[in-house]
Amino acid sequence: MESELQKLPKPETTRPSQPESIDEGSTKDDRPLLKPDPTNPQLQVQSQSSSPSIEELEKKYAPYVRHDVYGIMGRGELPWTEKVLLGIALVTLVPMRVIGATTVLVVYYLICKICTAFWAPNREDEQEDYAHTGGWRRTVMMQSGMFLSRVMLFIFGFYWIHETYQPINLNGNSNNEDGSKQQAEELERPGAIVSNHISYLDILYHMSCSFPSFVAKRSVAKLPLVGLISKCLGCVYVQRESKSPDFKGVSGVVNERIREAHQNKSAPIMLLFPEGTTTNGDFLLPFKSGAFLSGAPVQPVILRYPYQRLSPAWDSISGARHVILLLCQFVNHVEATWLPVYYPSQQEKDDPRLYAENVRRLMAHEGNLLLSDIGLAEKRVYHAALNGLFYQQ
């Protein structure tokens, strides 16, 4: 793969790339975003004297900047035509879509309830799932889950999904210097799907295509309806470190699942977002190398959400506001590019950071994405700065 990557033009980057440390627990930081206290006089004086302008913030934190008509944080001044469209959608589309989405969720919950009745979940390393259930139970859960996920996307306005599959050259190398037809025949057995992360809608799309497992908060398992569904998906739950000597940690469980999926076609495949947070869809952040520790081949997927009014990207806007505005859009669009399965070289297997960076460079080149070296920490700073400017107004 290295010889092939050397031929690729180096993608643009917002700042010089810096080495990335291995993050074995590749999950989002769940600490709340800092919000300034608008009643603090000292803070007001400091903000007036040292607050950067919007233009400066957008240049520095470009991967998180919204460019749709709803403006910064979805609170921009709207033209009257957009207000009219929102008013019409709020009284027509939104109620129907809420009822439709709720119906789909309840139906799939009941399917999962029936399929898991009188069946003990798989319990290993303090994880619990039904994804390793075999026979008709697993088939029904997967097929109905994929179908209803597509129905859910349809309800949200994604009537058509444009998918592109890049074929592998069977007469030449696949992804590395040792590529062969045998590897090409193993295209259906990657250990994980590696995708850029733009929105919560990413998960719905991947559920409609491959019904993968993914990393989630431990609290998700306890949510009504969604909790059981996440167990049927085989989610790996983030939790506090255990004192048990056999405790593997999230990274250990994930990489074990990746190896299992690569070796066993019936095992649930993992979906990984190695950026660790969402962007506006024009950039690729540094990849966490913890997802590449297993050395198994991965399936790169590039997502895009073309838009005219609202960007489906969930970056600098609150979740509730974004969902409501999304439901108000008459039509939404998503495009997916499936690259050939990436088979790492021995050097990449020995160096997870190299493996992660090479996959990232390939995805940036094929998806015309810009490379950025900022991450979740800078995103928090950007959000705090936006909140500060908002409270000043």
Side-chain angles (χ1 to χ4, degrees), residues 8-36 47 50-68 71-74 194-200 202 215 238 251 272-292 300-305 311-319 322 352-390:
L8 299 179
K10 188 174 182 180
E12 296 182 47
T13 179
T14 56
R15 294 212 302 258
S17 181
Q18 300 175 354
E20 177 196 354
S21 59
I22 295 181
D23 183 356
E24 297 186 356
S26 56
T27 59
K28 296 181 182 178
D29 185 346
D30 298 322
R31 293 174 299 171
L33 297 176
L34 299 177
K35 292 187 178 181
S47 61
S50 60
S51 292
S53 65
I54 289 293
E55 292 74 17
E56 292 173 330
L57 288 174
E58 291 184 345
K59 183 177 180 180
K60 188 174 182 180
Y61 303 107
Y64 311 121
V65 177
R66 298 189 66 82
H67 301 290
D68 58 20
I72 299 172
M73 303 175 71
V194 174
S195 174
N196 60 325
H197 201 11
I198 302 175
S199 174
Y200 47 84
D202 302 347
V215 178
V238 180
S251 180
L272 301 173
F273 300 112
E275 294 172 284
T277 188
T278 55
T279 69
N280 58 17
D282 297 327
F283 292 80
L284 267 187
L285 306 181
F287 280 7
K288 308 295 184 182
S289 54
F292 299 86
V301 180
I302 304 166
L303 297 179
R304 281 190 179 278
Y305 295 89
S311 169
W314 188 28
D315 34 42
S316 57
I317 184 173
S318 69
H322 190 266
R353 289 196 298 177
L354 176 65
Y355 185 7
E357 183 59 23
N358 284 347
V359 173
R360 177 177 177 244
R361 284 182 55 197
L362 179 66
M363 292 176 65
H365 175 265
E366 297 296 331
N368 295 318
L369 302 175
L370 299 175
L371 294 179
S372 174
D373 65 340
I374 65 176
L376 183 58
E378 288 81 1
K379 186 176 186 177
R380 293 185 179 281
V381 173
Y382 177 56
H383 284 191
L386 289 182
N387 281 317
L389 291 173
F390 174 76

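Numbering of residues begins at 1 and proceeds along the displayed sequence.
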Q: Please check if the side chain of S199 supplies one atom and the backbone of P312 the other of a donor-acceptor pair under 3.5 Å.
A: yes
Q.
As an exercise, state the distance from CD1 of I317 to CG of L386, rounded to the nearest 0.5 Å.
A. 11.5 Å
Q) Side chain of H197, backbone of T279: donor and acceptor closer than 3.5 Å? A) no
Q.
Minimum heavy-atom separation for P286 and D373, please, with both atom names.
A. CG-CA, 3.7 Å
Q | Residue pair A313 / H322: nearest heavy atoms and the distance that separates them | A | O-NE2, 3.2 Å
Q: Please test K59 against E56 for salt bridge (charged side-chain N to carboxylate O under 4.0 Å, His left out), starting from the C-alpha separation and ending with a verdict.
A: CA-CA 5 Å; K59 183 177 180 180; E56 292 173 330; over 6 Å; no
Q) When you measure from the side chain of R66 to the backbone N and O of S311, does any donor-acceptor pair fall under 3.5 Å? A) yes
Q: Using a 4.5 Å cut-off on heavy atoms from C-beta on, say whether the side chain of T277 contacts that of E378.
A: no
**Q.** Note, D202 side chain near Y305 side chain (heavy atom, < 4.5 Å)
**A.** yes
Q.
Looking at P63, is its backbone amide N or carbonyl O close enough to the side chain of D315 to form a donor-acceptor pair, meaning the two atoms are under 3.5 Å apart?
A. no
(Q) Ignoring hydrogens, what is the shortest heavy-atom contact between Y64 and N280? Give both atom names and the distance. (A) N-ND2, 4.1 Å
Q) Parallel, tilted or perpendicular: which fits the ring planes of Y200 and W314, with parallel below 30° and perpendicular above 60°? A) perpendicular
**Q.** Atom of S251, atom of G290 and distance for their closest heavy-atom approach
**A.** OG-O, 4.1 Å
Q: Please tell me if the side chains of P274 and F292 come closer than 4.5 Å, counting only heavy atoms from C-beta onward.
A: yes
Q: Side-chain contact test, heavy atoms from C-beta onward, threshold under 4.5 Å: evaluate it for L285 versus K379 and give yes or no.
A: no
**Q.** Side chains of L371 and R360 in contact at under 4.5 Å (non-hydrogen atoms)
**A.** yes
**Q.** Main-chain N/O of D282 paired to R304 side chain as donor or acceptor, under 3.5 Å
**A.** no
Q: Specify the closest pair of heavy atoms between L369 and G281, including all atoms of both residues, with the distance to one decimal.
A: CD2-O, 3.4 Å
Q) Below 4.5 Å, heavy atoms only, C-beta onward: do Y382 and I374 meet side chain to side chain? A) no
Q: Looking only at non-hydrogen atoms, find the nearest pair between M363 and V301 and report the distance.
A: CE-O, 3.4 Å
Q) Any side-chain heavy atom of H383 sitting closer than 4.5 Å to one from S316? A) yes
